[in-house]
Amino acid sequence: DGGITQSPKYLFRKEGQNVTLSCEQNLNHDAMYWYRQDPGQGLRLIYYSQIVNDFQKGDIAEGYSVSREKKESFPLTVTSAQKNPTAFYLCASSMGADTQYFGPGTRLTVL
Amino acid sequence: EDQVTQSPEALRLQEGESSSLNCSYTVSGLRGLFWYRQDPGKGPEFLFTLYSAGEEKEKERLKATLTKKESFLHITAPKPEDSATYLCAGGQGGKLIFGQGTELSVKP
């Protein structure tokens, strides 16, 4: 089955800790994205990557970092510099500028 | 400023009561208007893409339309299983600008 997987489904972070969220796709899509969703708000773009070894900041990149070493993978690290990281994180992929398809999401909670 | 605004924020319908959701947009260089459905705790599920004013697309009880300033998602004779949050987004250079969503509840 082709699709996008995210892990873990739930993640808990202590103050001052970095955590990494996984996103993998087997759709052979070139582009991958990370969004953050807060209650009652739309999705906000954190980072995106259109090709391997290249990525761009979105609207709310501060406190986050990414890498794109393989076409299939686009992990997101939430660093201790992100002051309010509790949110639902969504990964998506697309073929070029075409329709984006989303993964099931990771819910991150700060303890 | 590029933005997408959805209304209403929440909509409660009785089963079979048709209605429409609105998505107003001001997105420079718009390349597609996208509709998604999102169930609680899940990732958004793609519904439609519209590219030009006057375009319409249908899927079961849903029909999406597009003008130069707005898109509408019409729901005909909804069923309880249509309850979800509906998101619209404007495409811009490979990125999507999302509205805040409309939470639809359909009661039997």
Side-chain angles (χ1 to χ4, degrees), chain A residues 2-11 21-25 27 29-51 54-61 87-109, chain B residues 1-11 21-51 55 57 59 64 66 71 84-105:
Chain A
I4 303 172
T5 57
Q6 292 186 240
S7 63
K9 186 172 181 179
Y10 300 98
L11 186 57
L21 285 60
S22 170
C23 178
E24 304 274 336
Q25 55 97 3
L27 299 168
H29 285 169
D30 298 310
M32 297 187 73
Y33 311 81
W34 275 105
Y35 292 89
R36 169 181 172 141
Q37 187 174 35
D38 294 283
Q41 294 193 33
L43 279 66
R44 292 183 290 168
L45 183 63
I46 304 172
Y47 269 99
Y48 63 106
S49 168
Q50 294 175 316
I51 56 171
D54 188 43
F55 47 83
Q56 287 78 41
K57 293 181 179 180
D59 300 319
I60 55 166
F88 190 47
Y89 290 87
L90 289 158
C91 177
S93 70
S94 68
M95 185 63 76
D98 231 343
T99 301
Q100 292 184 23
Y101 295 91
F102 285 82
T106 292
R107 186 166 300 280
L108 173 63
T109 303
Chain B
E1 180 187 356
D2 297 318
Q3 71 177 24
V4 174
T5 303
Q6 293 186 244
S7 62
E9 289 186 11
L11 181 61
L21 282 57
N22 177 265
C23 173
S24 298
Y25 63 90
T26 52
V27 177
S28 57
L30 182 79
R31 295 186 64 181
L33 191 293
F34 298 79
W35 282 97
Y36 291 86
R37 169 191 169 128
Q38 186 177 27
D39 293 302
K42 303 277 182 70
E45 174 190 345
F46 171 69
L47 293 174
F48 305 108
T49 309
L50 303 166
Y51 287 104
E55 189 175 357
K57 289 192 177 173
K59 180 180 179 180
L66 183 66
S71 179
T85 295
Y86 290 85
L87 303 171
C88 85
Q92 183 186 57
K95 299 189 294 181
L96 292 179
I97 300 170
F98 279 86
Q100 78 278 22
T102 292
E103 185 178 352
L104 175 65
S105 174

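First the proteins, then the strands, lettered A, B, ... as listed; each starts at 1. Just so we're clear, the structure is a prediction, and the values are computed from it rather than from any experiment.
Among B:G99, B:G43, B:A89, the residue making the largest number of heavy-atom pairs under 4.5 Å with chain A is B:G43.
With sequence neighbours excluded, no residue forms a side-chain hydrogen bond (donor to acceptor under 3.5 Å, both in side chains) with A:Y101. Legend: residues meeting salt bridge (Lys or Arg N to Asp or Glu O under 4.0 Å) with B:E55, ordered by chain and number and at least two apart, are B:K57.
With a 4.5 Å cut-off on non-hydrogen atoms, A:Q37 touches chain B through its side chain but not through its backbone. If you measure heavy-atom distances from B:E45 to chain A, you find no contacts under 4.5 Å at all. B:Y51 touches chain A through its side chain: at least one heavy atom from C-beta onward sits under 4.5 Å away, while N, CA, C and O do not. Looking at A:Q50, only its side chain comes within 4.5 Å of chain B, counting heavy atoms on both sides. Looking at A:S94, neither its backbone nor its side chain comes within 4.5 Å of chain B, counting heavy atoms on both sides. For A:L43, the parts lying under 4.5 angstrom from a heavy atom of chain B are both the backbone and the side chain.
A:Y35 has its side chain within reach of B:L96: a pair of non-hydrogen atoms, C-beta onward, lies under 4.5 Å apart.
Atom CD of B:Q92 is surrounded by more than 12 heavy atoms from other residues, nucleotides or ligands within 6.0 Å. Within a 6.0 Å radius of CD in B:E9, other residues, nucleotides and ligands contribute 12 heavy atoms or fewer. With a 6.0 Å radius and a threshold of 12 heavy atoms from other residues, nucleotides or ligands, A:R44 has its CZ atom above the threshold.
At least one donor-acceptor pair under 3.5 Å links the side chain of A:Q100 to the backbone N or O of B:G94.
A pairwise comparison of heavy atoms in A:F88 and B:K42 identifies CE2-O, 3.6 Å as the closest pair.
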